[in-house]
There are 2 protein chains.
Amino acid sequence: MSEEKPRKRRGAGRVTLNTVARQAEVSAITVSRYFNQPEQVSPERRERIAAVVAELGYVPNLVAGGLASARGKIVGMVIPNISGPIFANTIQGFSDTLSRHGYQLLLASSYFSAEQEESAVRAFLGWSPAALVLTSHFHSAATEKMIAEADIPVIETWDYQPEREPLQIGFSHIEVGVAAARYLHGKGYRRIAFVQNSAPGDFSALERRDGYLATLRELGLKPRVFAPDADRPPFEAGKQAMEALMNASPRPDAIIFANDNLAAGGLLAGQRAGIKIPEDCAVLGFGDYPFAEMLLPSLSTIKPPALEIGVLAAKRVLESLGVLAVENEVQRLNLLECRVIEREST
Amino acid sequence: MSEEKPRKRRGAGRVTLNTVARQAEVSAITVSRYFNQPEQVSPERRERIAAVVAELGYVPNLVAGGLASARGKIVGMVIPNISGPIFANTIQGFSDTLSRHGYQLLLASSYFSAEQEESAVRAFLGWSPAALVLTSHFHSAATEKMIAEADIPVIETWDYQPEREPLQIGFSHIEVGVAAARYLHGKGYRRIAFVQNSAPGDFSALERRDGYLATLRELGLKPRVFAPDADRPPFEAGKQAMEALMNASPRPDAIIFANDNLAAGGLLAGQRAGIKIPEDCAVLGFGDYPFAEMLLPSLSTIKPPALEIGVLAAKRVLESLGVLAVENEVQRLNLLECRVIEREST
DNA sequence: TTGTATGCGTTATCAC
DNA sequence: GTGATAACGCATACAA
């Protein structure tokens with residue numbers, strides 16, 4: 001009796017490729033081809049297989065496939081924090097684009113910590129992912145080594161460093177700092193301060209500061225940087241900064257915050273202290289978080305291409321896997337634009 | 001020469017368990033135990049193995065392990081949308097708790113579509129995940145069938161339906177509707193309206209509405225439900241609702257919005273139209289999105305336990321896998337609380 | 001505590 | 001276009 005299923009140790013009675021093959025009266029490899037290169041299977045058998053697959057509710061075991069091919073249909077992504085209002089869009093765009101092509105997203109967060117990133121990358125590599133997507137170009141030495149040896153596409157997002165080897169999708173944080181300073185200068189502000197992020201590992205924010213510093217010097221203005229206490233929650237950090245700067249002399253007439261959370265904290269603190277925004281002091285953020293347009297006054301900010309980064313990263317991954325046709329020529333660098341969103345606070 | 005590596009077809013020259021075993025002069029299974037049950041390996045060999053692992057930079061192949069054990073250290077999660085301000089916290093809590101115990105997160109979004117959820121579940125099952133986490137109890141028949149046959153823990157989050165079999169972690173949306181109506185009634189409002197979500201698949205929001213309806217009838221008040229156009233972006237849907245309701249007669253003196261995005265849209269539209277909030281009309285949201293406290297007037301809302309849901313879901317998963325000790329007795333239901341956050345808009 | 005034999009479900013290789 | 005066979009790298013079962 002071919003019905004007699006031998007008692008297996010583990011996946012007892014599970015429907016496998018062989019079950020389907022037997023029932024459709026073809027070989028296992030033909031069923032495999034039915035899923036991976038359907039055009040190589042004759043239409044007649046295709047139908048037979050399709051019927052059996054539907055009847056048995058067969059789901060291909062991607063783990064076995066991954067082991068056999070040493071390349072799983074899975075892509076690892078490490079992001080500083082999942083719930084952050086900007087990165088969430090990147091994840092969304094990335095995940096959706098991937099899954100539309102049969103790839104799955106393996107996700108972990110690093111909280112701006114190189115160690116956490118390293119352990120995430122290590123864990124991901126154990127799944128022999130088809131590709132890896134990281135954030136920024138700041139990694140531990142061990143991470144650098146792993147990705148160099150992994151022999152899979154690695155993409156760095158939210159950053160742009162021409163001299164680096166990995167494919168990059170993002171923008172220059174230094175240029176954002178430059179653009180912020182120039183924009184405020186163009187509006188007539190002259191005592192422009194910069195408030196750093198309170199998260200210690202956010203090196204990209206420091207690059208924005210550096211762009212600001214260089215630009216102010218270039219313009220012959222005196223830069224003024226305020227650093228909130230490390231690890232202070234962003235709203236409070238913004239408040240702390242605003243209070244400190246408003247009591248300083250000379251008092252700034254415009255403040256660039258490292259991100260919108262800080263800016264919102266600063267904005268509210270300023271209003272509470274009776275400071276008119278933007279008349280007494282302009283406020284500029286970064287991120288264009290959803291609430292930016294809902295504040296009173298609404299928050300001027302610099303909008304990073306968060307969703308585009310995710311979508312483009314997925315496209316580049318799929319391209320380098322041969323799943324998607326390559327757009328134009330192969331581009332090693334993918335520089336996107338940040339836009340200044342002018343609202344009421346400047 | 002034992003150095004002579006035979007040319008392999010696929011993972012040519014890759015460092016495997018056997019490479020480590022040979023170099024450490026132990027058997028492969030001992031190295032396997034070193035990773036999975038270290039306490040069963042003698043300290044002396046542990047050291048030897050550790051040294052070789054570090055030297056070779058060996059990373060266990062989780063794909064092979066998953067195939068052999070028919071249970072990967074991976075957990076699938078389907079969430080309506082990743083970038084939504086509330087679900088993001090659930091993902092964050094879930095992912096972090098999992099990864100702290102060596103499990104990885106496989107993530108997909110459904111956009112409130114049962115079909116997309118189904119295809120995500122199907123793809124996940126191919127990875128033989130250790131567990132599956134879904135949102136709400138609304139699934140397609142095929143999904144129900146798959147999770148019933150999968151023989152792995154399945155947890156439903158953001159919901160609570162006592163009669164259902166799967167483990168649930170969440171709260172009763174009906175009760176949220178009840179609480180919202182009772183709260184406003186308690187504050188003296190009598191013409192209380194409800195604005196539905198514009199996303200058609202958000203059935204949980206409809207349950208909140210049902211709770212509202214039941215309560216208003218119970219209180220002897222006349223309910224009034226407004227449904228914005230389907231798929232209209234939330235801010236605009238809120239605006240549409242507010243404008244429609246303010247021109248209605250009798251005009252409501254309080255509005256419950258299906259979520260904070262709608263509420264924010266309504267709030268701004270109301271102010272623009274010269275309506276004083278909460279004097280002319282109170283506004284209550286749901287979600288406690290980050291911007292809620294930053295609006296002017298700040299938005300009263302109902303705060304769901306987003307982060308806790310994620311953390312608790314991960315804990316329950318790990319418990320049922322035997323990774324974590326079970327808290328107290330095994331609980332099939334995990335009912336969490338939503339709190340009314342009273343701010344200026346009510 | 002440690003080791004041997006075997007199989008997990010698929011795909012690469014090569015032959016037809 | 002189709003199939004037989006041998007890996008892929010690890011963990012289970014059982015023995016020592």
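Numbered from 1 within each chain, the chains take letters A, B, ... in sequence-line order.
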Residue whose closest nucleotide on DNA chain C lies nearer the 5' end, B/Arg45 versus A/Thr16: B/Arg45

B/Leu62 CG to A/Leu67 CG distance, which is reported to the nearest 0.5 Å: 11.5 Å

Step-by-step side chain to side chain donor-acceptor pair (under 3.5 Å) determination, A/His139 to A/Glu117: CA-CA 8 Å; A/His139 315 299; A/Glu117 182 189 62; 2.8 Å; yes

Selected nucleotide, minimal atom distance to A/Ile29 side chain, candidates C/dG9, C/dA12, C/dT10: C/dA12

B/Glu44 CD to C/dT1 C1', straight-line distance once rounded to whole Å: 11 Å

Listed nucleotide nearest any side-chain atom of A/Ser69, set D/dG9, C/dT1, C/dA12: C/dA12

Nearest-neighbour nucleotide for the A/Ser27 side chain, C/dG9, D/dA4, C/dT2 considered: D/dA4

Atom pair OG1/CE of A/Thr135 and A/Met77 - distance to nearest 0.5 Å: 6.5 Å

Euclidean distance, atom CG of residue B/Asn18 to atom C1' of D/dC8 [Å, nearest integer]: 12 Å

Separation of atom CZ in A/Arg22 from atom P in C/dG9, rounded to whole Å: 11 Å

Spacing between B/Gln40 atom CD and D/dA16 atom P, to the nearest angstrom: 19 Å

Sole residue of A/Trp158, A/Phe94, A/Tyr111 in ring-ring contact (aromatic ring centres under 6.0 Å, His included) with A/Phe87: A/Trp158

Per A/Asn61 side chain, nearest of listed nucleotides C/dC8, C/dT10, D/dG3: C/dT10

Minimum-distance nucleotide (side-chain atoms of A/Ala68 versus C/dT11, D/dG3, C/dT2): C/dT11

Interatomic distance where CG belongs to B/Leu17 and P belongs to C/dC8 [whole Å]: 19 Å

Atom pair distance, as rounded to whole Å: CD in B/Gln37 and P in C/dT2: 13 Å

Side-chain ion pair, B/Lys145 and B/Glu149, N-O less than 4.0 Å: yes

Sugar-phosphate only, base, or nothing, as touched by A/Tyr58 at under 4.0 Å among non-hydrogen atoms: sugar-phosphate

5′-ward residue of the pair B/Arg33/B/Gly66 relative to DNA chain D: B/Gly66

Short side-chain N/O contact from A/Arg71 to OP1 or OP2 of C/dT10, under 4.0 Å: no

Closest nucleotide among C/dG9, D/dG1, C/dT2 to the B/Ser42 side chain: C/dT2

Rounded distance in Å - CG (B/Leu67) to P (C/dT11): 12 Å

Rounded distance (Å) that lies between atom P of D/dG9 and atom CG of A/Leu125: 15 Å

Touch class at under 4.0 angstrom, heavy-atom based, for B/Val63 against every strand present: nothing

